Amino acid sequence: MAYILVKKEEQVTTLTFNRPEALNAINTEMLLELENVLDTIATDPNTRVVIVTGAGEKAFIAGADIKEMLPLSPEEAFKFSCYGQHVLQKLTDLPQPVIAAINGYALGGGCELALACDLRIASANAVFSQPEVSLGVIPGFGGTQRLTQLLGIAKAKELILTGKKITADEAYSLGLVHKVVAYGLAQSAAYEWAVNLANLAPFALTQAKQAINYNAQLLLEQGLQAEASYFSACFATADQKEGMESFLAKRKPVFTGK
Ligand code: CAA
């Protein structure tokens, strides 16, 4: 695989998003790889816990690939959003517990991917944000739904409407992450947690996560459809092109409301 490293140790499978030159930004190829590897893991009796993390110490995942999204039409953006949602839902639906070891920037689609996991451990340098409005779009990989389910409407609106960045400690006080550890230790802390979980009854863990997810899932399915529609509608605007072009050109965007 070009973008995902897979390592298996003691019934713990670690997936590392490995595209450090773009801060591990998620492109379609990476989503395809992720879907394939998740399909394999779902039926692997020797994987009891899964860890996801980013390569390097700077980023977990800095979002969906802005270069890839820039030229999308609304129809293509709808497909991109639905596919990202579908693959992240597979992460949520894995029978095994999934721990996100968040080792740096978890922005946009990166934050959304972490939200699709069962447990989240952040290193002290981790930064969280749903910055999509600053690009002229909205979260499109489930963030409007999962962040709202996790934090409530008020906090989800604060984060998504302002697009502001928060620190690992702020994320911990909000309940967005379960634990904060020192710089560089997210993956080893996740592994320690994973080994403990791997010693518990796997069937019971699966039943527990399915039972907990059940309620949320009923609302999530409809919410994700709505999100993909609202996300793709942004791609008919000049502001989406301006937002993404200005990011890539490293300048401030000028939004006109068109
Ligand atoms: N997509 C594509 N490329 C990205 C990227 C992304 N999301 N994030 C970073 N990169 C690239 C940069 O373009 C840059 O590439 P070049 O070296 O070719 O210029 C490289 O990664 C390093 O990034 P910076 O030079 O910007 O590094 P920095 O340290 O100055 O800043 C950062 C780091 C604050 C994370 C900044 O890169 C940033 O703001 N990234 C974008 C974050 C973002 O907006 N994410 C949301 C995307 S939209 C989304 O995810 C929608 C959805 O829900 C599906």
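All values below come from the heavy atoms of this structure, side chains included, with hydrogens, waters and symmetry mates left out. This one's a predicted model, so the numbers in the text were calculated from it and none came from an experiment. Counting convention: from 1, in listed order, for ligands and their atoms alike.
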Sub-4.0 Å atoms of ligand 1 with respect to non-hydrogen atoms of M69: 48 (S)
Exercise: do Q89 and D93 side chains pair donor with acceptor under 3.5 Å: yes
Check: A114 main-chain N/O paired with R120 side-chain donor or acceptor under 3.5 Å: yes
Ligand 1 contact on K58 by region, counting heavy-atom pairs under 4.0 Å: side chain
Lys/Arg-Asp/Glu bridge criterion (N-O < 4.0 Å) met for R48, E10: no
Contact check: A64 vs ligand 1, nitrogen or oxygen atoms, below 3.5 angstrom: yes
Region of L135 engaging ligand 1 - heavy atom pairs below 4.0 Å: side chain
Ligand-residue contact atoms, ligand 1 with L107, heavy atoms, under 4.0 Å: 35 (C), 42 (C)
Test item: protein heavy atom less than 4.0 Å from atom 8 (N) of ligand 1: yes
Option whose closest heavy atom lies nearest to atom 43 (C) of ligand 1, chosen from G140, A62, G63: A62
Proximal atoms of ligand 1 relative to A25 (non-hydrogen, under 4.0 Å): 1 (N), 2 (C), 6 (C), 7 (N)
For G108, atoms of ligand 1 separated by under 4.0 Å from a heavy atom: 46 (C), 50 (O)
Salt-bridge criterion met for K79 and E76 (N-O under 4.0 Å): no
Pair R251 + E242, salt bridge at N-O below 4.0 Å: yes
Subset of ligand 1 atoms that lie under 4.0 Å from at least one heavy atom of F141: 53 (O), 54 (C)
Residue pair E75 / S232, side-chain donor-acceptor N/O under 3.5 Å: no
Proximity to ligand 1 by part of F80, non-hydrogen separation under 4.0 Å: neither
Under-4.0 Å heavy-atom contact between protein and atom 18 (O) of ligand 1: no
More than 12 heavy atoms from other groups under 6.0 Å of NZ on K90: yes
Any protein heavy atom < 4.0 Å from atom 30 (O) of ligand 1: no
Numbering as shown, the atoms of ligand 1 that approach P139 to under 4.0 Å (heavy-atom distance): 53 (O)
